[in-house]
Protein chains: 2
Amino acid sequence: MHATIQSQTRADDAFDCLQTAIVKGDLAPGEKIGEIELCARFNLTRGPLREALGRLESRGLLVRRPHAGVKVVSVSADELIELYHIRETMEGLAARQAAERMTDAEIADLYATLDSHETMIEQAHGQAYYQGEGDYDFHHRIATGSRNAKLAQMLLGDLYYMVRMYRYRLSTSAGRPHKALGEHRRIVEAIAQRDGELAEFLMRRHINAARKNIEQKIREGVLDI
Amino acid sequence: MHATIQSQTRADDAFDCLQTAIVKGDLAPGEKIGEIELCARFNLTRGPLREALGRLESRGLLVRRPHAGVKVVSVSADELIELYHIRETMEGLAARQAAERMTDAEIADLYATLDSHETMIEQAHGQAYYQGEGDYDFHHRIATGSRNAKLAQMLLGDLYYMVRMYRYRLSTSAGRPHKALGEHRRIVEAIAQRDGELAEFLMRRHINAARKNIEQKIREGVLDI
DNA sequence: CGCTTATGGATTGTTGACAAAATGGGCTAT
DNA sequence: ATAGCCCATTTTGTCAACAATCCATAAGCG
């Protein structure tokens, strides 16, 4: 999986590789990583790597102690809950602004996305897909639909990566995907009706439910963060 | 003003220098800046500088086009307004959590801060101070008081810097500092009473008022962003 | 026998030189 | 005269060697 795509610049590649490696869990939280080790792993030299490390640190995915190396951030259960509190307010705002500003074409796309998610769930009991990429896809579209550049940047560039870090090792509850899809559908309907207030309310309730789902898992001890 | 303090590492120094230079307006928005020029200006070499540039870009204070250099981000009037929408929701959350979690000592400090601000305003009609550092100080304490690490990081490390970029060239309205102080005082009272809901409501209204103040300035043409 | 302290090794931070890409100016052709 | 193209210069991206700092091991002392 050596990303030899050479997208734009070595540092960008290093950034992407490291980010996905962290999110996917290839680099475990708390794991201390040496620079030369990473260079060998991703076929890089230390210059671009260090630049990427700086960016990752600035985004909170790595912690760096001067002269002592970097390690992947490890988020406690409490901090994970806090992330959902932040999501609740920020994505509520995103939903409201999306309702006011999304184009009709974007809304149509949103509906199509929901339909594809529905078939995914029915076909393969696609919990994995839905919990993983599908849900991310939905929230991604709403964030960009808000036409609020900074809001989208903070959600897509900061929060989602940290959340996804743990979503990968989070088994989904039995009926949760189906319920979540219903909530998504109601949010889209509010957006289609250009009802910003309702969209905000529904989005907040949706994320609130997701948070409570996780809180219960933590209480059950399913989650060992 | 060559920061020769050598705090921890050259890259950290470069980061701090550049950040303050951007916030204070020494590097104007939209200004294209060359790496060698910056090196000369801050007595650095290109390695650490590039690392700092990467971090700044990741935080949205710079925009970088591959092989074409970096320039200071220029925020339009609309985007400035959007920043205040984000602040409204995020700082509302911060105020609520601060009301639930701040220690009594921190609250006492908050009161003391308010008193010092009041004397500042009375003494030197201290609009400049209050609008600049005083207001920042207040919101800073609330953000950290929320005990929500990511929330504080996003507010203190991302949003406030962008807002301060423009606050430096924003003249304050005549009676605004005094009114803002009153709003601050009510927020602190709600926090002292551990009334999270009220603190959130008051904080949101406070930032909403600040936003409307700016919107009016833009309409009046006082602001040429 | 335990704690402190020095030393060696390894790792990070920094530097200057090299290679690749883009902007700008000048030239030619229409 | 203007538009398009080509080339040179400047600037960015990358690399490998150098210096500074920390961690661990081991020796010395109380």
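The structure displayed is predicted, hence computed values, not measured ones. Both backbone and side-chain heavy atoms feed into the values below; hydrogens, waters and symmetry mates do not. Chain naming here is simple, since letters A, B, ... match the order of the sequence lines and numbering starts at 1 in each.
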Given that A:His67 and B:Pro66 both sit by DNA chain D, which one's nearest nucleotide is further toward the 5' end?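 Per heavy-atom nearest nucleotide, the more 5' residue is B:Pro66.
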Rounded to whole Å, how long is the line connecting atom [atom1] of [X] with atom [atom2] of [N]?
| X | N | atom1 | atom2 | answer |
| --- | --- | --- | --- | --- |
| B:Lys71 | D:dT12 | NZ | C1' | 16 Å |
| A:Asn43 | D:dT14 | CG | C1' | 15 Å |
| B:Gln8 | C:dT12 | CD | P | 16 Å |
| A:Leu44 | D:dA16 | CG | P | 12 Å |

May I ask you to say what A:Gly47 touches in the nucleic acid, namely base, sugar-phosphate or nothing, with a heavy-atom cut-off under 4.0 Å?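 The residue A:Gly47 makes no contact with any strand.
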Answer yes or no: is there an ion pair linking A:Arg55 with A:Asp12, defined by an N-O contact shorter than 4.0 Å?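 Here A:Arg55 pairs with A:Asp12 in a salt bridge, since their nearest N and O are under 4.0 Å apart.
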At less than 4.0 Å, is any side-chain N or O atom of [X] found next to OP1 or OP2 of [N]? Yes or no.
| X | N | answer |
| --- | --- | --- |
| A:Arg46 | D:dA17 | no |
| A:Arg50 | C:dT12 | no |
| A:Thr9 | D:dT14 | yes |

With sequence neighbours excluded, what pairs up with B:Gln216 under the side-chain contact (heavy atoms from CB on, under 4.5 Å) test?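 Partners of B:Gln216 by the side-chain contact (heavy atoms from CB on, under 4.5 Å) criterion, ordered by chain and then number, come out as B:Arg219, B:Glu220.
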Test side-chain contact (heavy atoms from CB on, under 4.5 Å) applied to B:Ala152 - qualifying residues, sequence neighbours left out: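 With sequence neighbours excluded, B:Ala152 shows a side-chain contact (heavy atoms from CB on, under 4.5 Å) to B:Leu156, given in chain and number order.
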Proximal nucleotide (of D:dT14, C:dT14, C:dT12) relative to the A:Ile36 side chain: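 Within the option list, the nearest is C:dT12.
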Where the side chain of B:Glu35 is defined as all heavy atoms beyond and including C-beta, which of C:dT14, D:dC15, D:dT12 is the nearest nucleotide?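 The answer is D:dT12.
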Output the residues of residues 51-65 of chain A in contact with DNA chain D, where contact means a heavy atom of the residue under 4.0 Å from an atom of the strand; sort by number or write none.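 When residues 51-65 of chain A is checked for heavy atoms under 4.0 Å from DNA chain D, the hits, listed by number, are A:Arg65.
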Counterpart residues, ring-ring contact (aromatic ring centres under 6.0 Å, His included), relative to A:His67 (two or more places apart):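 Testing A:His67 for ring-ring contact (aromatic ring centres under 6.0 Å, His included), a comparison that skips the adjacent residues, returns none.
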List the residues meeting side chain to side chain donor-acceptor pair (under 3.5 Å) with B:Thr113, not counting sequence neighbours, and say none if there are none.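 B:Thr113 satisfies side chain to side chain donor-acceptor pair (under 3.5 Å) with B:Arg141 only.
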Please list, one pair per line, the donor and acceptor atoms closer than 3.5 Å that link side chains of residues 88-98 of chain A to other protein atoms, with sequence neighbours excluded.
from, atom 1, to, atom 2, distance (Å)
A:Glu88, OE1, A:Asn208, ND2, 3.2
A:Glu88, OE1, A:Arg211, NH1, 3.4
A:Glu88, OE2, A:Asn208, ND2, 3.4
A:Thr89, OG1, A:Ile86, O, 2.9
A:Glu91, OE1, A:His139, ND1, 2.7
A:Glu91, OE1, A:Tyr160, OH, 3.1
A:Glu91, OE2, A:Arg87, NE, 2.6
A:Glu91, OE2, A:Arg87, NH2, 3.0
A:Glu91, OE2, A:Tyr160, OH, 3.0
A:Arg96, NH1, A:Glu200, OE1, 2.9
A:Gln97, OE1, A:Asn148, ND2, 3.1
A:Gln97, NE2, B:Glu82, OE1, 3.0

